[in-house]
Amino acid sequence: MRIVVSGRLPDVVRERLEAQHEVILNLHDAPMARADLLDQVANSDGLLCMITDRVDAELLDRAPNLKMVANCGVGYDNIDVADCSRRGILVSNTPGVLTEATAELTWALILAISRNVVSGDAYTRAGRFRFWAPLHFLGTEVSGKTLGIIGMGRIGRAVARRAAGFQMPVCYYSRSPLPEDAAAGFEGEAVSFDALLERADFVTLHLPLTRETQHLIDAAALARMKSNAFLINTARGPVVDETALVGALRSGQIAGAALDVYENEPALAPGLAELDNVVLLPHMGSATWETRTRMTALAAENLLAGLAGRQPPNCLNWPSSRSADT
Ligand code: DGY
């Protein structure tokens, strides 16, 4: 069969796909251009796509032979899963393998924004470090502060587990009840959305982008946060109304924000990059060698299974009419 892979893969993963199928590769670090992707899917059976590719009606109309879309990412808001299902196309994602890496980066952001890590680095590199002074570069201590986690899936819980190291009480907001064994490894209090915003010194987001979560953090939510609180986002940009966030950061309504994701990624909301109470990263929550190798390998495993007629391990729309072992 013919497979399109829209992003660069580690050699070991590429070789695994090439051993079984004809593989069209993107050999560049940049995403495959939309026009190229549309051309390449036209006569392909499988697509291993990145979270930057939109798999929508336009693409699906161009791909009459497509049987399986394997997303290299846990978030799949880039894919119209319902439309794929209507057309009989399987879709998968890569949950589980990026949990720890994303939790680590969340903590890097918490520490970076509260302790002026990025501005301190820039200051030192610029040759401006000439003396130690008692009131210089004062940040906010993290230890003992309240961590508020919105979205208590795998990543939210991995962030919570690490809070014990900083003696931080954890409160969390989750719309669905936690699985029975999920509370193991961390202590936390389930609270309402409003109570979390009012109580937390660090509000960190770990929920998927859906119609319900879009702009969950809007002007009203930001107004509920404490004026000395920080917002951390390693989930999806559109969960936050970025224009409202710029306003809240400018006016001092909240103390700062550390973001890995953006509402109109890769564009930033006007004014965001000019603020000095933000840390801004280029969507790198899962960017470790270990994790990206696992993510691409899992996406490939899903794709190979689907194309072989087997249920992919992380299938999002396996038809109930098909048994697991067909
Ligand atoms: C994902 O998997 O959804 C992440 O955003 C990629 O880093």
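Indexing begins at 1, ligand by ligand and atom by atom, following the structure's order.
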- prompt: Is the closest heavy-atom distance from M284 to ligand 1 below 4.0 Å?
  reply: no
task: For G75, counting its heavy atoms only, list the atoms of ligand 1 lying under 4.0 Å from any of them.
output: 1 (C), 2 (O), 3 (O)
query: Is the Lys NZ or Arg CZ of R292 less than 6.0 Å from the centre of W289's six-membered ring, within 45° of the axis?
result: no
message: Quick check on contacts: which atoms of ligand 1 are under 4.0 angstrom from a heavy atom of S286?
response: 6 (C), 7 (O)
- request: Compute whether any side-chain donor of one residue and acceptor of the other, for N26 and R8, lie under 3.5 angstrom apart.
  value: no
- request: Report yes if the distance between the aromatic ring centroids of F131 and H136 is under 6.0 Å, otherwise no.
  value: yes
task: Taking D218 for its side chain and D241 for its backbone only, find out whether a donor-acceptor pair lies under 3.5 Å.
output: no
- request: Can you sort out which atoms of ligand 1 are near G73, meaning under 4.0 Å from one of its heavy atoms?
  value: 1 (C), 2 (O)
- prompt: At what distance is the nearest protein heavy atom to atom 1 (C) of ligand 1, and which residue and atom is it?
  reply: V74 N, 3.4 Å
message: Please determine whether the number of non-hydrogen atoms from other residues, nucleotides or ligands lying under 6.0 Å from atom OH of Y76 exceeds 12.
response: no
Passing option when N233 is tested against V203, L259, I217 for side-chain contact (heavy atoms from CB on, under 4.5 Å): L259
- prompt: If you measure from each non-hydrogen atom of L98 to ligand 1, which part falls under 4.0 Å: side chain, backbone, both or neither?
  reply: side chain
- request: For H283, take its heavy atoms, then give the atoms of ligand 1 lying under 4.0 Å from any of them.
  value: 4 (C), 5 (O), 6 (C), 7 (O)
message: If the cut-off is 4.0 Å to any non-hydrogen atom of R236, which atoms of ligand 1 fall inside it?
response: 1 (C), 3 (O), 4 (C), 5 (O)
